[in-house]
Amino acid sequence: ETGVTQSPTHLIKTRGQQVTLRCSSQSGHNTVSWYQQALGQGPQFIFQYYREEENGRGNFPPRFSGLQFPNYSSELNVNALELDDSALYLCASSLESVPYGYTFGSGTRLTVV
Amino acid sequence: DQQVKQNSPSLSVQEGRISILNCDYTNSMFDYFLWYKKYPAEGPTFLISISSIKDKNEDGRFTVFLNKSAKHLSLHIVPSQPGDSAVYFCAGATNKLIFGTGTLLAVQP
C-alpha cells in the first residue's frame with residue numbers, strides 16, 4: 001500500500017508567477033484535500049475534491065484552484081503568486097466512506113521571492 | 001476566527017513521565033476531534049481520535065479526553081519517550097479539518 005506522494009518537495013518562485021503542485025493519493029482513496037501551513041501555524045484547509053468535483057472550499061481566493069483526475073491524483077494551482085503564499089502545502093487523501101481517515105503527504109515547501 | 005486553539009507553544013517533559021497536551025475549541029459542530037503528530041520535513045501522522053459523543057478514547061500509551069461543557073480536549077501520553085518529541089496538532093472535524101497551531105513536545109532522556 002503506497003502512501004500519499006507530493007511533488008516537488010521544494011520550489012522557489014517569483015512574485016506574480018504561477019505554480020502547480022502535484023499529489024498522488026494513497027491507493028484506494030477517492031478524496032483529496034489540500035492544506036496550507038504557514039510558518040508557526042497549523043494547516044489551513046484550502047479545498048477538497050471528490051470524484052473530480054470540488055467538494056468544499058476554505059477561505060482562499062480564486063487564484064487558488066485545483067483539479068482531481070480519474071485516477072484520484074490531484075493538482076493545486078496558484079496564480080499571481082504573492083509573498084504570503086510562501087508555505088508548506090500539504091495534500092491529504094481519504095476514502096469518502098471513512099471521512100476522517102486522512103493520510104497526509106510530506107508536503108511541498110513553496111518559497112515566493 | 002480561530003476555532004481550535006492550542007495555547008501552549010511548547011512543552012518539555014522527562015522521559016517516563018506523563019505528557020499532557022491541551023486544546024480548546026469554539027465550534028460546537030465538530031463531529032470528531034483528532035490528534036496528529038508531525039516531525040520536521042514530514043506530513044502530519046494520525047495519532048488518535050475521539051467522537052464528539054464520547055469523553056475518553058485510549059490507544060496504548062495515548063489517551064484523549066473530551067470535556068464538551070468546557071469545550072476542551074487533552075492528549076495524555078504515558079509514559080513519555082524521547083521518540084515522542086514532535087509537534088502535536090489537535091484538529092476538529094466537520095467536512096474538513098480545522099487545526100490548532102500546534103504544541104512542540106520535547107521529551108528529555
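Numbered from 1 within each chain, the chains take letters A, B, ... in sequence-line order.
- N95(B) contributes atom CG, which lies 14.0 Å from atom OH of Y50(A) (distance to the nearest 0.5 angstrom).
- Counting non-hydrogen atoms of neighbouring residues, nucleotides and ligands closer than 6.0 angstrom, the CG atom of N71(A) exceeds 12 such neighbours.
- Closest approach of T101(B) and Q41(A) over heavy atoms only: CG2-OE1, 3.8 Å.
- The shortest distance between side-chain heavy atoms of K38(B) and Q37(A) falls below 4.5 Å.
- Cluster annotation: L11(A) and L76(A) are assigned to the same hydrophobic cluster (Ile/Leu/Val/Met/Phe/Trp/Tyr, side-chain heavy-atom contacts under 4.5 Å, transitive).
- Hydrophobic clustering (ILVMFWY, side-chain heavy atoms < 4.5 Å, transitive): F104(A) and L21(A) are in distinct clusters.
- The hydrophobic clustering, which links ILVMFWY residues whose side-chain heavy atoms are closer than 4.5 Å, places V78(B) and I20(B) together.
- Placement of F47(A) and I98(B) in two distinct hydrophobic clusters is found when ILVMFWY residues are connected by side-chain heavy-atom separations under 4.5 Å, directly or transitively.
- A heavy-atom distance below 4.5 Å is not found between the side chains of L97(B) and P43(A).
- Contact detail for L90(A) and G43(B): the closest heavy-atom pair is CD2-CA, 4.1 Å.
- The same ILVMFWY cluster, assembled from side-chain heavy atoms under 4.5 Å apart, contains both I48(B) and Y88(B).
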Original post:
Can you list the steps and then say if F99(B) with Y35(A) is a ring-ring contact (aromatic ring centres under 6.0 Å, His included)?
Top reply: CA-CA 10 Å; F99(B) 286 86; Y35(A) 288 80; 5.7 Å; yes

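- Between Y36(B) and Y102(A), the ring centre distance reaches or exceeds 6.0 Å.
- Between T103(A) and F46(B) the shortest side-chain heavy-atom distance does not fall below 4.5 Å.
- Residue contact with chain A, scored on non-hydrogen atoms closer than 4.5 Å, involves the backbone of A41(B) exclusively.
- By the 6.0 Å contact criterion, CZ on R51(A) is open, its count of non-hydrogen atoms from other residues, nucleotides or ligands being 12 or less.
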